[in-house]
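Here's the structure we're looking at; comments come further down.
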Amino acid sequence: MPLKVVDATVSDFSAVFDKFRSELPNNKANFILFLADKDPSTSRSWCPDCVRAEPVIYKKLEAASDDIALLRAYVGDRPTWRNPQHPWRVDPRFKLTGVPTLVRWEENDKISGRLEDHEAHVENKIDALIAGK
């Protein structure tokens with residue numbers, strides 16, 4: 001089954017998130033991956049943890065046999081993310097403290113599991129999150 005991926009930024013997140021939420025019932029599992037923007041000068045993420053975790057997360061999600069949706073939410077450049085008032089830091093639904101953060105989002109608009117920056121690259125933890133454990 002294909003992995004369905006949609007991207008959002010802080011500026012367009014509300015509209016993209018509303019559409020993502022409307023399609024939740026169509027998927028076996030739904031995930032949001034909060035990650036750092038790419039640095040325009042290098043075309044790589046400014047976040048070393050994101051660089052390490054992204055390929056592992058994508059590999060695991062793509063290997064799953066169920067229909068899975070992934071919303072990639074880009075937090076912005078480093079100064080934008082460092083702002084203590086960043087929208088996703090203060091949003092009570094997300095309460096982000098670091099990137100990357102992978103969350104499993106449920107139809108009741110709740111997070112049923114999350115992997116924070118220090119563990120988002122750990123394969124067995126990603127497997128458990130995909131399995132809903």
Hey, what do you get for CG (Asp117) to SG (Cys50), rounding to the nearest 0.5 Å? 8.5 Å
d(Arg82 CZ, Arg89 CZ) to nearest 0.5 Å is 7.0 Å
So how far is it from Thr97 OG1 to Glu116 CD, rounded to the nearest 0.5 Å? 4.0 Å
List the atom of Gly132, the atom of Arg104, and the distance in Å for their closest heavy-atom pair. N-NH1, 3.3 Å
Please find the pair of heavy atoms, one from Asn27 and one from Ala69, that lie closest to each other, and give the distance. ND2-CB, 3.4 Å
Give the C-alpha distance, both sets of side-chain angles, the deciding distance and a yes or no for salt bridge (Lys or Arg N to Asp or Glu O under 4.0 Å) between Asp67 and Lys28. CA-CA 5 Å; Asp67 283 334; Lys28 178 74 173 175; over 6 Å; no
What's the shortest heavy-atom distance between Glu107 and Pro25, and which atoms? OE1-CG, 3.6 Å
Return the minimal non-hydrogen interatomic distance between Glu123 and Val56, and the atom names on each side. CG-CG1, 3.5 Å
Minimum side-chain heavy-atom gap His118-Asp49 below 4.5 Å: no
Quick check against the 3.5 Å criterion: does Asn83 have a side-chain atom that pairs as donor or acceptor with the backbone of Gln85? yes
For Asp18 and Ala15, indicate whether the former's side chain and the latter's backbone hold a donor-acceptor pair under 3.5 Å. no
Who else is in Ile32's hydrophobic cluster (ILVMFWY, side-chain heavy atoms under 4.5 Å, direct or via others)? Val6, Val10, Phe13, Val16, Phe17, Phe20, Leu24, Phe34, Trp46, Leu71, Val75, Trp81, Trp88, Phe94, Leu96, Val99, Val103, Trp105, Ile111
Close side-chain approach of Leu33 and Leu70, heavy atoms under 4.5 Å: yes
Measure the spacing between NZ of Lys4 and CG of Leu61 and express it to the nearest 0.5 Å. 13.0 Å
Does one hydrophobic cluster hold both Val51 and Tyr58, with members joined at side-chain heavy-atom distances below 4.5 Å? no
Does any non-hydrogen side-chain atom of Arg93 lie less than 4.5 Å from one of Asp109? no
Atom pair CD1/CG of Ile57 and Leu102 - distance to nearest 0.5 Å: 5.0 Å
Which heavy-atom pair separates Arg114 from Glu119 by the least distance, and what is that distance? O-OE2, 3.9 Å
Whether over 12 other heavy atoms sit under 6.0 Å from Arg44 CZ: no
Calculate, to the nearest 0.5 Å, the distance between atoms CD1 and NZ belonging to Ile130 and Lys60 respectively. 7.5 Å
